[in-house]
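All values below were derived from every heavy atom in this structure, side-chain atoms included, with hydrogens, water molecules and symmetry-related copies excluded.
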Amino acid sequence: MADEEQTEIPNIVELNVGGVFYTTTLSTLTSEVDSNLSAIFSEKLKLKKDAKGKYFLDRDGVLFRYVLDFLRNQALVLPEGFRERDRLVQEADFYGLTNLKKAINEHVSTTTTTTTVLSSKRGYITVGYRGSFAFGRDGLADVKFRKISRILICGRVALCRDVFGDTLNESRDPDHGISDRYTSRFFLKHSYIEQAFDMLQEQGFKLVASCGSGTAGGSAEQLKPGVDLEENRWNHYNEFAFVRD
């Protein structure tokens, strides 16, 4: 939209930051008097407004949550496993919030130290997978083509992240706000079981136990649409327990 004429900004400010809506006070936005954000809302600048009359900032709307929270409380609280540090630093630079940038760097230092202490402790990680075999002509199993739908990861969250890093998918078990919790709902972004084993070995884990189910054989249960009958008969589940002591 075209720039609006600057008028008196109300004490209660409604914002549209990159498509995410916020409501706060003018005093909160201008609390860091030497910041660019304070200048935007205190000097005679032209501010854009959206179709509903909210002041518009063309920035990351999700990350602005942490910017606003810091201004309100003068303390930085980030969720467990926060992975957008560099982008938040970028937002702090844009808004000229030097205290926020300092808090981010201090938070990273503290988190790294805590993770290092946790990762040096003993612990267990269980790896499980459900698999089958690909089938070729005449309904014959081709055992050279193993099919794995998903590799499940169970254990203490800090250990799982330490071992698997960016290959870990946490979408089924979002942050619960507990700093050192356990989970049984993580899985990997790939389906290579040997890669998972290699990563565990590199972090000092050893296999201590395993178990597996037999194939489904003559299972007569009703199949879901798109599931091959022969492959379903060869379904099996395996679990492997690893320990670092």
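Contact of the I125 side chain with the R244 side chain is not registered, since no non-hydrogen atoms from C-beta on lie closer than 4.5 Å. At least one side-chain heavy atom of L71 sits under 4.5 Å from a side-chain heavy atom of L37. No side-chain heavy atom of R85 sits less than 4.5 Å from a side-chain heavy atom of L78. The shortest side-chain heavy-atom distance between H190 and T167 falls under the 4.5 Å cut-off. Counting heavy atoms from C-beta on, the side chains of L200 and L207 never come closer than 4.5 Å. For the pair N11/T25, no side-chain contact is recorded, criterion being any heavy-atom separation below 4.5 Å from C-beta on. No side-chain heavy atom of N169 sits under 4.5 Å from any side-chain heavy atom of F186.
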Hey, mind stepping through L47 and F41 against side-chain contact (heavy atoms from CB on, under 4.5 Å) and telling me if it holds?
CA-CA 8 Å; L47 287 172; F41 287 94; 4.0 Å; yes

Under the side-chain contact (heavy atoms from CB on, under 4.5 Å) rule, what do F64 and L15 come out as? Steps first, then yes or no, please.
CA-CA 11 Å; F64 190 75; L15 298 172; 3.9 Å; yes

Going through the distances and angles, do V17 and D58 end up as a side-chain contact (heavy atoms from CB on, under 4.5 Å)?
CA-CA 6 Å; V17 185; D58 189 16; over 6 Å; no

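S42 contributes a side-chain N or O that, together with a main-chain N or O of S38, makes up a donor-acceptor pair within less than 3.5 Å. Between the side chain of Y22 and the main chain of N16, no donor-acceptor pair closer than 3.5 Å is present. Between the N73 side chain and the A75 main chain, no donor and acceptor come within less than 3.5 Å of each other. Remark: the backbone N or O of G131 is paired with a side-chain donor or acceptor of H236 at under 3.5 angstrom.
Scanning both residues, A103 and F70, for their nearest heavy atoms gives CB-CE1, 3.9 Å. Residues G123 and F205 share a closest heavy-atom pair of O-CE2, 3.5 Å. Taking both residues in full, the closest heavy atoms of A196 and L188 are given as CB-CD1, 3.7 Å, listed atom of the first, atom of the second, then distance. Summarising the geometry of A92 relative to L100, their closest heavy-atom pair is CB-CD2, 3.9 Å, with the distance given to 0.1 Å. Minimum interatomic distance between C154 and S184 (heavy atoms only, all atoms of both residues): SG-CA, 3.7 Å.
Side-chain contacts under 4.5 Å among hydrophobic residues (ILVMFWY), followed directly or transitively, place Y237 together with L152, F187. Side-chain contacts under 4.5 Å among hydrophobic residues (ILVMFWY), followed directly or transitively, place Y124 together with V208, V243.
With a 6.0 Å radius and a threshold of 12 heavy atoms from other residues, nucleotides or ligands, F21 has its CZ atom above the threshold. Within a 6.0 Å sphere centred on CD of Q195, heavy atoms belonging to other residues, nucleotides or ligands number more than 12. Other residues, nucleotides and ligands place more than 12 heavy atoms under 6.0 Å from the CZ atom of R72.
Every residue meeting the side chain to side chain donor-acceptor pair (under 3.5 Å) condition with E194, not counting sequence neighbours, appears here in chain and number order: R146. Residues that satisfy the salt bridge (Lys or Arg N to Asp or Glu O under 4.0 Å) test with D166, not counting sequence neighbours, are R83.
Y95 and N36 form no side-chain donor-acceptor contact under 3.5 Å, judged by distance and modelled atom types alone. In this structure, a donor-acceptor pair under 3.5 Å is absent between the side chains of S31 and T28. No hydrogens or angles considered: nothing links the side chains of N238 and R130 as a donor-acceptor pair under 3.5 Å. There is a side-chain donor-acceptor pair under 3.5 Å between T183 and D173.
Two different hydrophobic clusters hold Y182 and V163 under the rule that ILVMFWY side chains link at heavy-atom gaps under 4.5 Å. When the side chains of ILVMFWY residues are joined at heavy-atom separations under 4.5 Å, either directly or via intervening members, Y192 and I153 end up in two distinct hydrophobic clusters. Taken together through direct or relayed side-chain contacts under 4.5 Å among Ile, Leu, Val, Met, Phe, Trp and Tyr, F56 and V67 form parts of separate hydrophobic clusters.
In this structure, the separation between CG on L26 and CD on E8 is 8.5 Å, given to the nearest 0.5 Å.
Sorted by first and then second residue, the ring pair (Phe, Tyr, Trp, His ring centres under 6.0 Å) pairs involving residues 149-175 (not counting sequence neighbours) form an empty list. Listed by first then second residue, pairs satisfying salt bridge (charged side-chain N to carboxylate O under 4.0 Å, His left out) with a partner in residues 87-104 read R59-E91, D60-R87, E84-R87, D93-K101, not counting sequence neighbours.
Remark: K48 is not positioned above the aromatic ring of Y55, lacking an NZ or CZ atom under 6.0 angstrom from the ring centre and at most 45 degrees off the axis. Taking the ring axis of F242 as reference, the NZ or CZ atom of K206 does not stay both within 45° of it and closer than 6.0 Å to the ring centre.
Under the 4.0 Å criterion applied to side-chain N and carboxylate O atoms, E170 and R161 are assigned as salt-bridge partners.
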